[in-house]
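First up is the structure itself, then whatever we jot down about it.
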There are 2 protein chains.
Amino acid sequence: MKLQQLRYLLAIVENGLNITAAADRLFTSQPGVSKQLRLLEDELGVQIFTRKGKSLDGITEAGQEIVTRAEVIMREVSNIKNIASNLRDDRSGSFSIATTHTQARYVLPSVIQKFRQRFPNVSFNVHQGTSEQIADLVAAGQVDFAIASGSGQGFPELVQLPCFEWDRVILVPGDHPLTKIKAQVSLQDLVHFPLVTYVFSKDGESSFETAFTDQGLTPDVVFTARDADVIKTYVRMGMGVGVVASMAHEQEEEELVSIDARTLFPRCLTWIGFRRDAVLRDYMFEFLQLFAPHLTPEIIRSAHAAPDQTHVERLVNNLQIPFRSRITAG
Amino acid sequence: MKLQQLRYLLAIVENGLNITAAADRLFTSQPGVSKQLRLLEDELGVQIFTRKGKSLDGITEAGQEIVTRAEVIMREVSNIKNIASNLRDDRSGSFSIATTHTQARYVLPSVIQKFRQRFPNVSFNVHQGTSEQIADLVAAGQVDFAIASGSGQGFPELVQLPCFEWDRVILVPGDHPLTKIKAQVSLQDLVHFPLVTYVFSKDGESSFETAFTDQGLTPDVVFTARDADVIKTYVRMGMGVGVVASMAHEQEEEELVSIDARTLFPRCLTWIGFRRDAVLRDYMFEFLQLFAPHLTPEIIRSAHAAPDQTHVERLVNNLQIPFRSRITAG
DNA sequence: CGCGTTTACGTCGTTCGTAACGATA
DNA sequence: TATCGTTACGAACGACGTAAACGCG
């Protein structure tokens, strides 16, 4: 058994059992990958994949178990490389995070800019998705960090650290009736208008909906998007009243007026998570502190050393979690 | 990085940083091992070992971390091989257990005999030590199973299953005053004689001592050994009264008489443990059931799937744990 | 001078890429 | 015929073992 064979195996799985595509991603020849897979199967005496004709058709039961073990192996291989790179003070490498649109568009740019100034030779990769997709990506080891909001429960292999809290804000065109209300806008006011807001997460973070239902109200959500910019576009078109994260409203933008909604909806928490068994590069510690200044290397290391998330939460309980209203200047 | 390099690395560590010894155990040439170590260090750009002259002198801090990761990798490699071997119905392989003298000498022979009849091509290896050494060996992945008595707490990486309970027995020469006592011998009777018994474990299993101290008594232990046979020899010599596991007294042996001590000392539990992240060969399941018939493959699999030992204990709570007084006929 | 490691070098097996072939839809 | 995988083959590489040199106690 060779590490290359396992690497090839995982590439095949990641590319939908397409050997040609796997070879392309591995920057090697297709027959080589094919042959190494055959050699691995021969050595183990086990079919890892089921075949339909010559093409790979599916993963066998044993194959799935083998793939799982191979993933562990390759993770530990990169851990070893990370340990070595850290010790050599190597300031190059790669770094991938998965996050939501709001973070990627409004919060991260200034952070990443500072980060890239400090580490110009680190290739940075941002994946985008829903909170669930994000957590899955980091749990599967496809990305180094996940930055998401909402519950994020049920990932025991992750260390999750609180980054900052934020509120929602109501966005309307400048001539909208809601701008005429002198007092604090209430949920009762909102239900009279069609709403445009984020796609709801399946379990957690539906604090948006429950805020209404707790008062016996039913919001009239006419449009949802994962993307605050899309929401804003539809609000400008007059399709409805927007409800977005306050970070997503940079300044008084063309045609749009923001209305404070902090009393209407519960406060949200953005957290960052990484696999507990991952060795972090030194630049990842610096990124964390750029993103959330209270996450010092010491805090992170002690959270990383904790046996599980319960202990992590005990550790971060004393921390003052920042509150973020608007984006800070780049 | 190659798997061989990691295998060589671990062999060097296991052989006390002696490359020649490592090469011997690996059945390869010494310069080959030396070169692969150098290549690994060069590729990582890190000194794994400190040198004194040309000889390896110690492991660096980073080296220790790398070794730990390499151990994980090699464990997962054998797990993959085990998965494959199981699927192929391969009835050959190797199997190592660590246990105490009493188990190895009095309990295991008949089990191993049956096992070897069923699996003549499995090479069987028994290591011997104290309960602590045993638990350490299996936790470090040096052996597949640990069979020990006493607490065995504090090994979260292990699945520990109860095998059977047993009592102690008092051994004396045939003409000893204790044999004249008509009623049940008591601890008060025992303190008047010099005692010969097992070496006490550091923390758990000192139920021997606490049995006395709970009654305000102080036993006069004049000799301890890890080995029931040694204890018996000294009892025959008249050095004192022996207290051993009841399994260690096969039948009315030459010169020795056994006195029931089950009411004097708390009952002991013998457990068997293996790493939670290990893939067990099919023959290991059969061994477990030969050793402890209540440990069926289904029980073992569900215990193995449990997230931690707390869950395992909940699972085995309903099981009827056998009691073992004398060894069962081979 | 013995022990242990490194260097040097020749041999052999393995991997890799190109090219051609085969099967499938 | 386009897509995908296997077979074939030659070139390059890398691992291994023997022999010899080196350093240290």
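Chain identifiers are assigned alphabetically (A, B, ...) following the order of the sequence lines, protein sequences preceding nucleic acid strands; residue numbering begins at 1 within each chain. As the structure is a prediction and not an experimental result, all values here were calculated from the model.
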Side-chain contact check for Lys54(B): nearest option of dA19(C), dT5(C), dC4(D) is dT5(C)
Base, sugar-phosphate, or nothing for Gln30(B), non-hydrogen atoms under 4.0 angstrom?
-> base
Could you tell me which non-hydrogen atom of Val138(A) sits nearest to which non-hydrogen atom of Asp144(A), and how far apart they are?
-> CG2-O, 3.4 Å
Ignoring backbone atoms, test whether Gln36(A) places a side-chain nitrogen or oxygen under 4.0 Å from the OP1 or OP2 oxygen of dT14(C).
-> no
Between dG17(C) and Thr28(A), is there an OP1 or OP2 to side-chain N/O distance shorter than 4.0 Å?
-> yes
Grab the CD-P distance between Gln5(A) and dT15(C) for me, whole Å please.
-> 7 Å
With sugar-phosphate meaning primed atoms plus P, OP1 and OP2, does Ser55(A) contact a base, only sugar-phosphate, or nothing at under 4.0 Å between heavy atoms?
-> sugar-phosphate
Passes side chain to side chain donor-acceptor pair (under 3.5 Å), Thr102(B) versus Tyr198(B)? Steps please.
-> CA-CA 10 Å; Thr102(B) 302; Tyr198(B) 297 116; 3.2 Å; yes
Roughly how many Å is it from CG in Leu26(A) to P in dG17(C), rounded to a whole number?
-> 10 Å
Under 3.5 Å, is there a donor-acceptor pair between the side chain of Thr60(A) and the main chain of Ile48(A)?
-> yes
Lys2(B) has its side chain closest, among dA15(D), dG5(D), dT15(C), to dA15(D)
Quick one: label Ser29(B) by what it contacts on the DNA or RNA (base, sugar-phosphate, nothing), any heavy atom closer than 4.0 Å.
-> base
Could you work out which one of dC16(C), dT7(C), dC4(D) sits closest to the side chain of Thr20(A)?
-> dC4(D)
Between dT7(D), dT7(C), dG5(D), which one does the side chain of Ile19(A) approach most closely?
-> dG5(D)
Quickly work out the Asp24(A) CG to dC4(D) C1' distance and round it to whole Å.
-> 12 Å
Separation of atom CZ in Arg38(B) from atom P in dA8(C), rounded to whole Å | 11 Å
Atom-to-atom span, CD of Gln4(A) to C1' of dC16(C) - whole angstrom = 10 Å
Working for side-chain contact (heavy atoms from CB on, under 4.5 Å), residues Ile73(B) and Ile80(A) | CA-CA 10 Å; Ile73(B) 291 173; Ile80(A) 288 177; 4.0 Å; yes
Exceeds 12 heavy-atom contacts within 6.0 angstrom, atom OH of Tyr234(B) = no
Below 4.0 Å: OP1/OP2 of dC4(D) and any side-chain N or O of Arg51(A) | no
Mind calculating the distance between CG (Asp57(A)) and P (dA25(C)) to the nearest angstrom?
-> 10 Å
Using a cut-off of 4.0 Å on non-hydrogen atoms, how would the nucleic acid contact of Tyr8(A) be classed: base, sugar-phosphate, or nothing?
-> sugar-phosphate
Find the distance Lys52(A):NZ to dT24(C):P and express it as a whole number of Å.
-> 11 Å
Minimal non-hydrogen separation, Ala62(B) against Val46(B), with atom names | CB-CG1, 4.1 Å
Given atom CZ of Phe49(A) and atom C1' of dG5(D), what is their separation to the nearest angstrom?
-> 13 Å
Does Asn18(B) put a side-chain nitrogen or oxygen below 4.0 Å from OP1 or OP2 of dC3(C)?
-> no
Mind checking Leu39(A) for me? I need base, sugar-phosphate or nothing, with any heavy atom below 4.0 Å counting as a touch.
-> sugar-phosphate
Which part of the nucleic acid, if any, lies within contact of Leu17(A), taking any heavy atom under 4.0 Å across all strands shown: a base, the sugar-phosphate backbone alone, or nothing?
-> sugar-phosphate
